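Notes follow the structure.
Chain letters run A, B, ... following the sequence lines, proteins first, then strands; residues in each count from 1. This structure is a prediction, so every number in the text was calculated from the model and none was measured.
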2 protein chains.
Amino acid sequence: MNKHDAGGFVGDRPRSTDLDNPLARKLEHFARLADDDRLQLAAALSPARTIAARADIREEGDDPRSVNVILDGWACRYRQLPNGQRQIVSLLLPGDPCDPQVFHQRRVHHAIGALTPVSLAQIRGSAMKELMAHSSALEEAFFRERLSATAIQYEWTVSLGRRSAIERLAHLFCELHARLDAVGLADGASCAMLLTQTDMANALGQTSVHINRTLKELRDMELITLRLRRLTIHDHAGLQALAMFEPTYVMDDEVGSSAQPR
Amino acid sequence: MNKHDAGGFVGDRPRSTDLDNPLARKLEHFARLADDDRLQLAAALSPARTIAARADIREEGDDPRSVNVILDGWACRYRQLPNGQRQIVSLLLPGDPCDPQVFHQRRVHHAIGALTPVSLAQIRGSAMKELMAHSSALEEAFFRERLSATAIQYEWTVSLGRRSAIERLAHLFCELHARLDAVGLADGASCAMLLTQTDMANALGQTSVHINRTLKELRDMELITLRLRRLTIHDHAGLQALAMFEPTYVMDDEVGSSAQPR
DNA sequence: CGTAAGATTGATTTCGGTCAACTTCAGTGG
DNA sequence: CCACTGAAGTTGACCGAAATCAATCTTACG
């Protein structure tokens, strides 16, 4: 599973940067990649480093175009208001780039924090440019990945603005399941759910007390169960209808995702 | 509710694509442009077309990388939920690109609508690439423009999630004033305010009735006045403090904006 | 100058927040 | 192996900000 002369110089290649990383799996949804594309991509990923749960992810390098990619674990982009309130602005799952560009603005307006232990790899800006220049498939894939992230961000605005508590939570679960499914991390109707109720509250602009009650309501409606950090969706169609969730915006791909019942 | 398109082709005037367009003014904040950069930029802008107030802005071409730039008027990105509720996801002001890429996703998940009559110019994808290739200043400027738009989007999430009604409205006013100021459209402490109270409600996830009361409260606190589609900020520091507004995320530039008291 | 969109105001309701107590659970060390 | 600890989750009583419903009033403009 190892190859050199991948157009580069990279000598030693640790395990984490192998061909089957979550970023590659995700990009497959956005463009049909050639074997060589996957090779180049894997070669561009720096060795993984690990961040402890609840620690902030900080930039080290100085290259504003470089991209940190999550290989394992969950993280979030968040903002802490002067009055102490916290709002999670986006959730970052395996395969997601977590645009460290933000570290290059004058003042950091939102931080990136690990919600669980996180393993990260970096693609340098120069390597990124080369990837895009060499492969139009990769260029297309990265371009559409950005569109997808943006669409997800817009949909969060819609949730916070116009969805009720139960709709919001339902929508979050639909989104997370779809995103995890896209990188092969959903197991049929179930997937990991690594957020605490307080995290959910910080993401959905509510209190953990009310999340708890809403969760109970979703359980009582027999739409989901949530046990041992694992979410199971019993009635996918029902949950999506309640959430007014339209699955296509997450991936909007050619192939269609694997575990989308109904 | 939406009228049909304004047919386009209204009095094409190369005038609008002159050197002093709002996009150029905005980009100046992000990188120091040479005369030649401004020239190239102006040349890349297609003749302006006009969209009627309350009409949707639709894509015509087929080039996913092309960018529509607002030259005059206000628009918004919005989403209409199946239950009829409307949420404005972002506001688009003169100088803002309104990423028509969205029209190239399978299903359009959010539309772009004119809030006032809008005049638009387009930069083709190929022209865009050339601009970036020829001038690293323009490349830098467009790159940072994207960062800024993203930061604004994140801040909306924070507003909807964690700010109270009056804080939200105050924050919106601070943001709009800063953005208009950056393209030379603020006049000291005052600027145009082309949103109806219903628009504000749709942007801030509230009802127009409550916007009205909140507006009154802001007036009573002598922070602002709003008359004849014009906003005047009487106590900039007070408004910013109330909104927990941190001006730098909007532009975060070298030069600093012109009308930022204190 | 008539009309419709927008703005204003009051009365009432409701969803979600606040406060507070209590339980469960995972991990740690004696 | 159990006792202790702190974080996470659960539940109840009460409160309050914003929604809803409804009735004007004002303004822009054809």
Any Asn212(A) side-chain nitrogen or oxygen under 4.0 Å from OP1 or OP2 of dT10(D): yes
Arg227(A) CZ: over 12 foreign heavy atoms closer than 6.0 Å: no
Heavy-atom check, side chain of Leu218(A) versus side chain of Leu242(A), under 4.5 Å: yes
His171(A) side chain to Glu167(A) side chain, donor-acceptor N/O pair below 3.5 angstrom: no
Rounded distance in Å - CZ (Arg54(A)) to P (dG6(D)): 18 Å
Rounded distance [0.5 Å steps], NE2 in His177(A) versus CD1 in Ile233(A): 5.0 Å
Gap between atoms CG and C1', on Asp220(A) and dT11(D) respectively (whole Å): 13 Å
Thr232(B) side-chain N/O to Ser190(B) backbone N/O, donor-acceptor pair under 3.5 Å: no
Please list, for nucleotides 24-30 of chain D, all pairs of protein and nucleotide N/O atoms separated by less than 3.5 Å.
none

Any donor-acceptor pair under 3.5 Å from Arg162(B) side chain to Arg86(A) backbone: yes
Phosphate OP1/OP2 of dA5(C): any Gln197(B) side-chain N/O under 4.0 Å: no
Tyr154(A) and its side-chain hydrogen bond (donor to acceptor under 3.5 Å, both in side chains) partner, picked from Arg79(B), His110(B), Arg77(B): Arg77(B)
dG9(D) phosphate, OP1 or OP2, under 4.0 Å from Arg219(A) side-chain N/O: no
What's touching nucleotides 16-19 of chain C from the protein side, N or O pairs under 3.5 Å?
| unit_1 | atom_1 | unit_2 | atom_2 | d |
| --- | --- | --- | --- | --- |
| dG16(C) | OP1 | Ala165(A) | N | 2.8 |
| dG17(C) | OP2 | Thr207(A) | OG1 | 3.1 |
| dT18(C) | O4 | Arg213(A) | NH2 | 3.1 |

Touch class at under 4.0 angstrom, heavy-atom based, for Arg227(B) against every strand present: nothing
Check: Arg163(A) side chain, Met244(A) main-chain N or O, donor-acceptor pair, under 3.5 Å: yes
Atom-to-atom span, CG of Leu195(A) to C1' of dA7(D) - whole angstrom: 16 Å
